[in-house]
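Because the structure is predicted, anything quoted here is derived from the model rather than measured. Below, read A as the first sequence line, B as the second, and so on, with proteins coming before strands; counting in each chain starts at 1.
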Protein chains: 2
Amino acid sequence: MASPRPSVSMKDVAALAGVSVGTVSNVLNSPALVSDATRARVEKAIAKLGWVRNESARQLRAGRSRSIGIVVMDVANPFFTDIVSGVEDYVHNLGYSVQLGNSAQQTEREAAHLKLFEQHRVRGLLFAPISEVGQRVVELRRHGIPVVIVDRAAKDAPYCSVAVDDVEGGRLAVDHLVDHGHCNIAFVGGPMTIQQVRDRHFGAQLALSQLGDSGHLRTIATARLDTGSGAVAAGDLVALPAGERPTAVFAANDLLAIGLLQGFITNGISVPDEISLIGYDDIEFAAAAAVPLSSIRQPRHALGMRAAELLFAEIEALDNDAPHEHEHIEFRPDLVVRRSTSRCKCDEGR
Amino acid sequence: MASPRPSVSMKDVAALAGVSVGTVSNVLNSPALVSDATRARVEKAIAKLGWVRNESARQLRAGRSRSIGIVVMDVANPFFTDIVSGVEDYVHNLGYSVQLGNSAQQTEREAAHLKLFEQHRVRGLLFAPISEVGQRVVELRRHGIPVVIVDRAAKDAPYCSVAVDDVEGGRLAVDHLVDHGHCNIAFVGGPMTIQQVRDRHFGAQLALSQLGDSGHLRTIATARLDTGSGAVAAGDLVALPAGERPTAVFAANDLLAIGLLQGFITNGISVPDEISLIGYDDIEFAAAAAVPLSSIRQPRHALGMRAAELLFAEIEALDNDAPHEHEHIEFRPDLVVRRSTSRCKCDEGR
DNA sequence: CCCTACGGTTGAACCGCTTCAGCCATTGCG
DNA sequence: CGCAATGGCTGAAGCGGTTCAACCGTAGGG
């Protein structure tokens with residue numbers, strides 16, 4: 001039934017080179033132990049047979065893997081690919097490789113990837129979770145797999161984390177809107193199970209509370225954090241009676257904001273004249289949007305770099321049985337003002 | 001030195017459940033062979049110990065892996081993440097998982113990922129190559145790993161492929177420009193080692209050749225296919241003496257086009273009034289760009305789905321020792337006209 | 001009452017590699 | 001010349017699973 005699978009093994013290499021398998025292994029892992037002549041012979045045999053090490057066997061015996069995993073909640077979001085690129089840049093010259101798992105905003109796929117990486121006994125895991133981190137991470141460490149949580153603060157939690165202060169970011173965004181005279185503001189984002197969304201929402205509320213009773217934050221929940229959901233939300237907003245319609249919208253991320261912008265444009269609503277719009281993440285496309293998007297910048301690349309750095313610090317500590325103190329790095333977000341936000345009309349002429 | 005690594009193995013599970021390891025294995029792989037009572041006991045033991053199968057060991061013995069790999073040339077390009085999402089949607093309910101490798105437009109990283117996936121003996125590989133496919137794919141199949149080339153035509157090649165006709169796409173793009181009276185056109189793209197870039201360039205030349213001597217295609221080579229390179233190319237174009245400056249630009253992909261657009265805007269050059277611009281891929285952000293981008297649409301999601309389909313057909317054939325005929329699917333690209341292209345001024349009033 | 005069939009289980013071989021004790025020459029030193 | 005040290009290599013154990021021949025009861029048929 002199964003095909004012959006004529007896979008060459010180290011035994012074949014050893015036979016061809018006229019040495020034992022142990023020597024072949026040494027050529028690969030401790031070349032200094034082998035004489036030049038033998039090494040040359042073995043290398044020639046490897047090349048001739050086109051032998052490629054079976055990583056499963058190596059890992060099984062050696063007990064260690066040479067790759068780390070990263071599970072992100074949406075690989076279609078440039079924010080996360082920028083993080084990944086930061087990780088890759090850090091890991092690159094460490095001789096490790098990075099395996100990327102995309103949970104596509106589905107907890108089920110997220111769990112599948114987590115399990116897979118655990119089964120593969122990756123050396124470490126970077127994890128940008130959709131759902132609660134909970135028990136999973138603890139279980140991973142049971143197998144000696146350290147985990148660093150990316151893009152989610154985790155003070156006092158039993159793992160390292162790298163994050164940006166999302167409450168502060170939400171506050172910055174809405175402060176900016178309030179500064180421009182807006183008081184009827186909508187928050188567009190969801191699902192609320194995602195902590196980043198909750199935090200940004202909370203930050204928005206904080207900022208608005210300074211207005212006392214005169215401020216109003218309408219919350220429009222979206223199913224996902226993508227442009228499609230943004231377009232849907234735009235429809236909801238447009239359908240509102242003119243008097244009730246918010247004068248400014250804070251979108252939980254730039255993809256939503258771009259979708260909203262598109263929706264407004266097709267409905268003939270001018271941004272920022274009729275409605276101001278601010279996004280979050282400051283992805284590369286924010287600046288290139290139909291109306292250049294005001295946004296909250298996160299240090300995406302640095303986020304990935306630092307996360308990888310923490311992970312390898314923990315891996316090393318584990319290897320050397322050294323003590324390890326979990327670190328929680330928190331970056332501060334920055335407000336980037338472009339053209340999608342402007343002074344509220346209700347404020348004009350005052 | 002190395003930490004105690006208290007990893008639980010099947011032996012521990014077997015001991016706790018009072019059965020042999022063989023039985024534990026059967027519970028997992030052929031539950032029908034095991035009595036209900038025993039199965040329940042074993043499952044309880046697994047849960048209690050939090051045991052997770054060691055995939056290395058399983059794979060070593062079973063000889064088969066349960067995941068496929070996909071190597072793409074740039075995960076930061078939405079075009080490729082859309083392909084990936086197509087692949088994931090297809091693979092999802094087959095019980096396989098997808099491991100994603102990002103070569104970030106560097107042949108060195110591409111090679112590293114290829115090697116890694118080969119070492120891991122993935123079940124199959126989807127490959128969107130930067131460089132020549134060459135020997136690598138043949139070697140992979142030597143290990144019983146089928147490969148499907150994505151986004152590159154490969155008639156008569158010893159592997160399946162799924163692609164879009166890039167020559168036709170290039171022709172469509174420049175035909176559109178020529179139809180609007182442009183005859184001094186620039187092609188922006190690179191590196192030329194990437195076949196897609198060459199094909200699109202060739203298609204552009206074909207389209208322009210219909211003008212005879214009066215057409216002129218200036219080629220501006222870029223180092224990468226990203227927005228940064230687009231911005232650089234915009235600078236080059238702007239620096240040209242007014243008379244020589246092309247009236248239209250065909251960018252090899254949308255990222256370049258967006259970078260070019262940004263560059264033109266910062267230099268005060270109006271698109272499309274002073275210069276027309278057309279991209280390629282029709283990524284989601286093309287429609288949302290400062291000036292909505294005309295582009296050549298590729299069926300990105302379908303590309304991924306079909307590629308996965310072909311791969312699993314080949315995997316199955318391999319398993320059953322059935323004959324397999326390599327298929328080469330070629331989609332046709334579509335022209336999408338938006339606002340970034342318009343009639344050439346030189347053509348006005350005729 | 002013996003024989004066969006069969007469901008349920010065991011035990012050991014084995015996958016391809018790493019690792020390490022041990023072997024054999026050769027060399028250096030007293 | 002004897003002995004220890006050293007360099008280069010071998011051989012076998014073992015990593016944690018899967019798989020399969022063999023085994024053991026019990027039940028059913030003749």
Side-chain angles (χ1 to χ4, degrees), chain A residues 1-43 45-46 49-66 118-121 142-144, chain B residues 1-43 45-46 49-66 118-121 142-144:
Chain A
M1 182 74 64
S3 69
R5 209 171 292 283
S7 191
V8 289
S9 79
M10 257 177 57
K11 229 185 293 184
D12 304 308
V13 174
L16 182 60
V19 296
S20 73
V21 288
T23 301
V24 177
S25 177
N26 280 335
V27 168
L28 292 154
N29 303 310
S30 322
L33 295 181
V34 183
S35 73
D36 289 357
T38 310
R39 186 163 2 114
R41 238 170 338 120
V42 170
E43 278 162 356
I46 290 175
L49 295 176
W51 174 77
V52 174
R53 170 194 279 145
N54 182 326
E55 186 62 24
S56 297
R58 172 198 171 82
Q59 225 175 277
L60 177 57
R61 182 61 242 241
R64 38 158 60 48
S65 148
R66 288 224 139 253
E118 188 173 2
Q119 290 179 346
H120 279 306
R121 305 287 195 271
R142 246 213 301 248
H143 283 290
Chain B
M1 182 74 62
S3 69
R5 209 172 293 283
S7 191
V8 289
S9 80
M10 256 178 58
K11 230 183 292 183
D12 304 310
V13 174
L16 181 61
V19 296
S20 74
V21 288
T23 301
V24 176
S25 178
N26 280 336
V27 168
L28 292 153
N29 303 308
S30 322
L33 296 181
V34 183
S35 73
D36 289 357
T38 311
R39 182 157 10 107
R41 232 164 350 115
V42 169
E43 278 163 357
I46 289 175
L49 295 176
W51 174 77
V52 174
R53 170 195 279 144
N54 183 326
E55 188 62 26
S56 296
R58 172 198 172 84
Q59 227 175 274
L60 175 59
R61 182 64 244 245
R64 38 158 62 47
S65 144
R66 290 225 137 251
E118 189 173 2
Q119 290 179 346
H120 278 306
R121 303 290 194 270
R142 245 213 302 248
H143 283 289

Quick one: closest heavy-atom pair of B/Ser20 and B/Ala14, and the distance? C-CB, 3.8 Å
Could you tell me the separation between the CD atom of A/Gln119 and the P atom of D/dG17, rounded to a whole number of Å? 10 Å
In whole Å, I'd like the distance from the CD atom of A/Gln59 to the P atom of D/dG16. 12 Å
Which distance, rounded to the nearest 0.5 Å, do you find between the CG of B/Leu28 and the CH2 of B/Trp51? 4.5 Å
Starting at CG of B/Leu49 and ending at P of D/dG16, how long is that distance when rounded to a whole Å? 14 Å
I'd like a list of close polar pairs between nucleotides 12-16 of chain C and the protein, N/O only, cut-off under 3.5 Å.
from: C/dC14; atom 1: O2; to: B/Arg61; atom 2: NH1; distance (Å): 3.1
from: C/dC15; atom 1: O2; to: B/Arg61; atom 2: N; distance (Å): 3.4
from: C/dG16; atom 1: N2; to: A/Ala57; atom 2: O; distance (Å): 3.4

B/Asp12 and B/Ser9 have their tightest heavy-atom pair at OD2-N, 2.7 Å
Hey, what do you get for CD (B/Gln59) to CD (A/Glu55), rounding to the nearest 0.5 Å? 10.0 Å
Run the side-chain contact (heavy atoms from CB on, under 4.5 Å) check on B/Thr38 and B/Thr23 step by step: do they pass? CA-CA 9 Å; B/Thr38 311; B/Thr23 301; 3.9 Å; yes
Rounded off to whole Å, could you give me the CG-to-P distance for the B/Leu33 and D/dC20 pair? 11 Å
If you measure from OG on A/Ser65 to NE2 on B/His120, what distance do you get to the nearest 0.5 Å? 6.0 Å
What is the separation between atom CG on A/Asn26 and atom C1' on D/dT10, rounded to the nearest whole Å? 10 Å
For the pair made of CZ in A/Arg39 and P in D/dG7, what is the distance, rounded to whole Å? 15 Å
B/Leu28 CG to D/dG16 P: how many Å, rounded? 16 Å
Tell me whether the side-chain N/O atoms of B/Thr23 come closer than 4.0 Å to OP1 or OP2 in C/dT10. yes
Tell me, do B/Asn29 and B/Ser25 make a side-chain contact under 4.5 Å, heavy atoms counted? yes
What is the minimum heavy-atom distance between A/Val8 and A/Leu49, and which atoms define it? CG2-O, 3.9 Å
Restricting to non-hydrogen atoms, name the atom on B/His143 and the atom on B/Arg121 that form the minimum distance, rounded to 0.1 Å. CE1-NH2, 3.5 Å
Pair assignment for DNA chain D - dot-bracket with | for other-strand partners, Watson-Crick or G-U under 3.5 Å: ||||||||||||||||||||||||||||||
